[in-house]
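Given the structure is predicted, the values throughout are model-derived calculations rather than measurements. Below, read A as the first sequence line, B as the second, and so on, with proteins coming before strands; counting in each chain starts at 1.
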Amino acid sequence: MEKFDKLTAVAAPLPMVNVDTDMIIPARFLKTIKRTGLSEGLFYALRHNQDGSRKDFVLDRPAYKDAKILIAGDNFGCGSSREHAPWALLDAGIRCVIAPSFADIFHNNCFKNGILPVVLPEEQVNKLMEAAERGANATMTVDLESQTIEGPDGEVIPFEVDAWKKHCLLNGLDDVGQTLQKAPAIDSFEAKQQASQPWLYA
Amino acid sequence: MAAPRTLFDKIWDAHVVDRQEDGTCLLYIDRHLVHEVTSPQAFEGLRLAGRKVRRPDATLAVPDHNVPTSNRAQGIADEESRIQVDTLTKNCADFDVPFIPMNDVRQGIVHIIGPEQGLTQPGMTIVCGDSHTSTHGAFGALAFGIGTSEVEHVLATQTLYQRPAKNMRVSVDGPLPVGITSKDLILAIIGRLGTAGGTGHVIEYAGEAIRSLSMEGRMTVCNMSIEAGARAGLIAPDDTTFEYLKGRVFSPKGAAWEQAVELWRSLPSDEGAHYDKEVHLSASEIEPLVTWGTSPEDVLPITGSIPGPEAGRDANKAKAIERSLEYMGLKAGQKLTDVAIDKVFIGSCTNGRIEDLREVAQVVEGRRVAESVYAMIVPGSGLVKEQAEAEGLDRIFTEAGFDWREPGCSMCLAMNADKLEPGERCASTSNRNFEGRQGPGGRTHLMSPAMAAAAAIYGHLADVRELAC
């Protein structure tokens with residue numbers, strides 16, 4: 001996983017609430033056995049008309065072609081657990097999503113893929129959303145180490161993040177490798193559980 | 001004396017392998033269910049790193065999302081779908097993971113077959129790369145959906161890093177009125193909490209109306225916890241639970257059964273346990289519900305009318321209502337019972353169990369599906385299908401004009417050939433009414449099996465209470 005420390009980039013505004021993972025990437029694009037190439041399905045219905053022609057979606061406008069930050073409304077990423085949603089965002093270059101709230105599974109999935117989801121009070125999200133409307137003229141800097149976002153006009157906004165998730169993201173750590181170092185603890189848990197609840201190991 | 005604990009606290013505490021300074025825990029996972037859509041990249045990760053599946057005996061895989069629901073002997077026509085199912089088959093063979101193939105009678109939707117096989121038991125931690133894993137909470141198991149990276153993590157380590165959730169209790173007080181089903185109950189709860197109301201929480205469902213539900217009804221309730229934002233729902237195990245489990249393939253047997261039941265009886269929340277949030281609903285106020293919009297929180301009694309943007313609690317929701325009305329092709333003030341439908345879908349991990357099919361049969365027996373409607377019934381598993389046929393339900397369905405199909409996820413998410421055409425309107429017993437969920441441009445109204453059956457007969461959204469059974 002690519003590590004995330006500091007990101008300075010254009011932010012794209014997506015002023016919608018309850019953006020679900022079906023909207024981020026419809027189910028028919030999940031018929032893949034790979035993690036890459038999913039940007040083709042990203043926000044498909046928001047980007048295309050029924051006949052396949054393009055709509056004027058924010059990420060397709062020239063001002064946002066280099067956007068790496070997405071700013072959205074409440075409950076972003078609700079619905080299906082599909083990790084294809086963060087994979088598709090990553091494939092399109094998005095490394096940070098800022099919203100007043102996220103659905104839990106999507107929030108988790110972001111951290112596994114080098115994407116930083118930032119929760120901010122709605123008022124601050126609205127301000128950043130407004131700034132983001134200025135397109136390429138408004139870059140923002142997201143600094144994970146200091147847990148701050150610097151807006152285009154120099155205002156600095158602090159944000160919260162779990163210490164463990166921050167550690168993994170800053171260092172681009174592969175969870176599985178780390179957990180396998182705890183094998184002795186897992187072994188002893190299993191031995192104890194098997195002794196008291198043998199039917200779980202039948 | 002130890003502080004009183006909730007059912008969630010007890011299951012959590014019993015599974016902590018290791019605790020980080022910030023409260024993040026390494027949690028042991030007792031059962032891992034796997035399907036073809038969210039697992040290929042996880043197995044690929046194992047292969048690349050030269051890792052094994054730690055506990056194949058605690059894992060079960062089945063294809064469900066991509067499988068065709070007709071002409072199954074001919075295989076899967078769609079190449080991408082076929083590759084995904086073939087990949088699961090190969091991965092399970094390579095990693096020694098127990099696998100139920102598409103043509104096995106036990107095949108079905110992963111959340112239907114887990115309980116059916118007795119794999120789902122009280123007090124367990126259960127995960128699956130699927131948000132409707134919350135279904136298994138009906139047994140008093142802590143069950144939640146995970147992403148593919150986490151699927152890989154569980155396959156390799158049988159553990160997951162998790163932060164403890166907050167406890168919420170939703171009590172539905174009083175007996176459920178006649179004609180009101182578990183689906184109406186959970187839709188009412190989602191309507192009350194909102195689609196993000198349960199975020200960060202595990203919801204424990206309690207109260208007389210919940211306790212009186214069968215296991216099938218409890219599964220319907222817990223299934224849609226995620227539609228209220230909660231990763232997991234829980235119902236305390238009781239005699240109804242034990243009766244359901246006794247004698248199933250993977251249920252403990254003999255002395256182990258007695259030992260297990262004794263342990264399970266200690267799981268319900270202690271008197272005085274702390275809940276971060278408490279919500280009460282009165283069962284007597286619940287009516288048959290349908291969704292009108294594109295979020296599961298958009299619920300209304302069937303006797304109601306379509307709302308306008310002014311019904312939104314803030315500017316954002318008003319905008320969302322406006323967008324939903326346009327997408328759904330509806331007008332503010334329109335009566336729900338005047339909304340004509342094109343298709344009916346009965347099935348899914350929410351409502352694809354035998355009890356759901358009996359509910360439909362009771363409504364449609366001796367009646368006919370409206371001329372203008374195509375109606376399909378997709379049983380949740382091969383065993384549900386077999387049971388329904390043994391009871392003669394399939395004849396009732398086909399005589400009424402329903403299409404009786406093979407088991408799978410089907411038109412709940414339209415990954416196989418079953419889907420809505422742009423603009424088509426569906427009365428569906430599934431769990432999500434998101435834009436495009438049942439096919440690009442498709443319009444979904446969520447409701448109970450009985451209500452979907454009534455809609456099929458009338459050709460429009462209808463109050464099942466008017467069809468005297």
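Looking only at heavy-atom pairs under 4.5 Å with chain A, the residue among B:Asn431, B:Asn416, B:Ile146, B:Thr294 that has the most is B:Ile146. Contacts with chain B were tallied for A:Val17, A:Ile186, A:Asn113; A:Ile186 has the most, counting heavy-atom pairs under 4.5 Å. Per-residue heavy-atom pair counts under 4.5 Å with chain A were compared for B:Glu297, B:Lys419, B:Arg31, B:Met124, and the maximum is reached by B:Arg31. Residue with the most contacts toward chain A among B:Ala58, B:Ala414, B:Gly23, B:Ser81: B:Ser81 (heavy-atom pairs, distance under 4.5 Å). Put simply, of B:Gln259, B:Gln121, B:Arg51, B:Glu36, the one with the most heavy-atom pairs under 4.5 Å next to chain A is B:Arg51. When the candidates B:Ala14, B:Ser295, B:Ala260, B:Gly45 are compared by the number of heavy-atom contacts under 4.5 Å with chain A, B:Ala260 comes out ahead. Highest contact tally toward chain A, considering only B:Gln162, B:His153, B:Glu80, is held by B:His153 [criterion: heavy-atom pairs under 4.5 Å]. By number of non-hydrogen pairs under 4.5 angstrom with chain B, the leading residue of A:Ile33, A:Asp74, A:Asn18 is A:Ile33.
When all heavy atoms of B:Arg432 and A:Gly79 are compared, the closest pair comes out as NH2-C, 3.1 Å. Between A:Ser81 and B:Gly129, the shortest heavy-atom distance links the atoms OG-C, 3.5 Å.
With hydrogens and angles disregarded, no donor-acceptor distance shorter than 3.5 Å links the side chain of B:Glu435 to the backbone of A:Met23. Listed for the B:Gln84 side chain is a donor-acceptor partner under 3.5 Å among the backbone atoms of A:Leu30. Formation of a donor-acceptor pair under 3.5 Å by the A:Asp104 side chain with backbone atoms of B:Thr199 is not found in this model.
The contact between B:Thr24 and chain A is made entirely by side chain atoms (from C-beta outward), counting heavy-atom distances below 4.5 Å. When heavy atoms are compared at a cutoff of 4.5 Å, A:Ser80 approaches chain B by way of both its backbone and its side chain. Contacts of A:Ala185 with chain B are made by both backbone and side-chain atoms, with heavy-atom separations under 4.5 Å. Of the atoms belonging to B:Ala230, not a single heavy atom falls under 4.5 Å from chain A. With a 4.5 angstrom heavy-atom cutoff, B:Ile226 touches chain A only via side-chain atoms. Interface remark: B:Val151 contributes no atoms to any contact with chain A (heavy atom separation under 4.5 Å). Residue contact with chain B, scored on non-hydrogen atoms closer than 4.5 Å, is absent for A:Ser188. With a 4.5 Å cut-off on non-hydrogen atoms, B:Glu227 does not touch chain A at all. Residue contact with chain A, scored on non-hydrogen atoms closer than 4.5 Å, is absent for B:His132. Neither the backbone nor the side chain of A:Pro86 comes within less than 4.5 Å of any heavy atom of chain B. When heavy atoms are compared at a cutoff of 4.5 Å, B:Asn316 approaches chain A by way of both its backbone and its side chain. When heavy atoms are compared at a cutoff of 4.5 Å, B:Arg437 approaches chain A by way of both its backbone and its side chain. Neither the backbone nor the side chain of B:Phe250 comes within contact range of chain A; no heavy atom of the residue lies under 4.5 Å from a heavy atom of that chain. Proximity to chain A is limited to the side chain of B:Leu263, based on heavy atoms less than 4.5 angstrom apart. Heavy-atom distances place no part of A:Asn126 under 4.5 Å from chain B, backbone and side chain included. Interface remark: A:Asn108 contributes side-chain atoms only to the contact with chain B (heavy atom separation under 4.5 Å).
Among the candidates A:Val176, A:Thr179, A:Asp175, the single residue satisfying the side chain to side chain contact (heavy atoms under 4.5 Å, CB included) test with B:Thr159 is A:Thr179.
Between B:Asp78 and A:Lys31 a salt bridge is recorded (basic side-chain N to carboxylate O distance below 4.0 Å). Note on B:Asp18 versus A:Lys182: salt bridge recorded, some NZ/NE/NH1/NH2 to OD/OE distance being below 4.0 Å. Ion pairing between a basic and an acidic side chain is recognised when a charged N comes within 4.0 Å of a carboxylate O; A:Glu190 and B:Arg54 show such pairing.
Counting only N and O atoms by type, the side chains of A:Gln197 and B:Asp30 include no donor and acceptor under 3.5 Å apart.
Residue pairs meeting the ring pair (Phe, Tyr, Trp, His ring centres under 6.0 Å) criterion with at least one partner in residues 97-116 of chain A, sequence neighbours excluded, are A:Phe76-A:Phe106, A:Phe102-A:His107, A:His107-A:Phe111.
Shown here is A:Gln194, whose CD atom has more than 12 heavy atoms of other residues, nucleotides or ligands within 6.0 Å.
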